[in-house]
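Keep in mind that the numbers below use all heavy atoms, side chains included, and drop hydrogens, waters and symmetry copies. These numbers were taken from a predicted model, which means no experiment stands behind them.
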Amino acid sequence: MSEEIDLTGDGGVIKKIVRHAKADADAPTTDTPVVDVHYEGVLAETGEVFDTTHEDNTIFSFEIGKGSVIKSWDIALRTMKVGEIAKIKCKPDYGYGSAGSPPDIPPNATLIFEVELVACRPRKSSNLGSASEERTRLEELKKQREIVAATKEEEKKKREEAKAAAAARIQAKLGSKKVQGKGKGKAK
């Protein structure tokens, strides 16, 4: 891992490169402002993953500088090159602020993202066809995320049920040992 880089000068967005890109790799520019990324976001306080593209191997795309993502992403992705993976720690003012993003992100949460810049490309021309295609693509991404969220919730529920069942089995064993132990005295 490399050193931490304070991208905002106030500790609001800290970047640490996990994997460097090749020296001649592309970087986002005004001509190639649309970026494709893989990422995983965790709550700094608990380490709990609140969002990821790794489970369903999707790509998240957005245009830098349009305000379509949290401030820390606009700031950090400008500094990355294709192939680079970086950990980006963002304070609430550069994330979701005092409102959070319920139910996954509490108010005033510090977030840590591991982001891989997969590609950067020019924006599509804004004709009706591409806008319609983009809407369809975004709807499909939304559906995929909802499916992943439902699956994660179901897996979490199964884990909790398994824990409860294991605890009940342990309690039952402890209870039976207590019953077996009563009334046994030494015979002389």
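Looking only at distances, a side-chain donor or acceptor of K15 sits under 3.5 Å from a matching main-chain atom of T79. At least one donor-acceptor pair closer than 3.5 Å links the side chain of D74 to the backbone N or O of G65. For S72 (side chain) and V13 (main-chain N/O), no donor-acceptor pair under 3.5 Å exists by modelled atom type. A donor-acceptor pair under 3.5 Å is formed between the side chain of R19 and the backbone N or O of G83.
Between I59 and the choices V118, V37, T53, the side chain to side chain contact (heavy atoms under 4.5 Å, CB included) rule is met once, by V118. Of the options I14, I112, V115, a side chain to side chain contact (heavy atoms under 4.5 Å, CB included) to I88 is made by V115 and by none of the others.
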**Request:** Begin with the C-alpha distance, continue with both residues' side-chain angles, and end with the deciding distance and a verdict on side-chain contact (heavy atoms from CB on, under 4.5 Å) for Y39 and D51.
**Result:** CA-CA 8 Å; Y39 69 92; D51 196 12; 2.5 Å; yes

**Request:** Starting from the C-alpha separation in whole Å, work towards a yes-or-no answer on side-chain contact (heavy atoms from CB on, under 4.5 Å) for C120 and M80.
**Result:** CA-CA 10 Å; C120 51; M80 294 179 70; over 6 Å; no

**From CA spacing to verdict: side-chain contact (heavy atoms from CB on, under 4.5 Å), Y94, D10** = CA-CA 11 Å; Y94 294 92; D10 62 359; 2.8 Å; yes

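Using cut-offs of 30° and 60° on the angle between ring planes, the pair W73 and F62 is tilted.
There is a side-chain donor-acceptor pair under 3.5 Å between T58 and D56. Neither side chain, Y96 nor D104, offers a donor N or O lying under 3.5 Å from an acceptor on the other.
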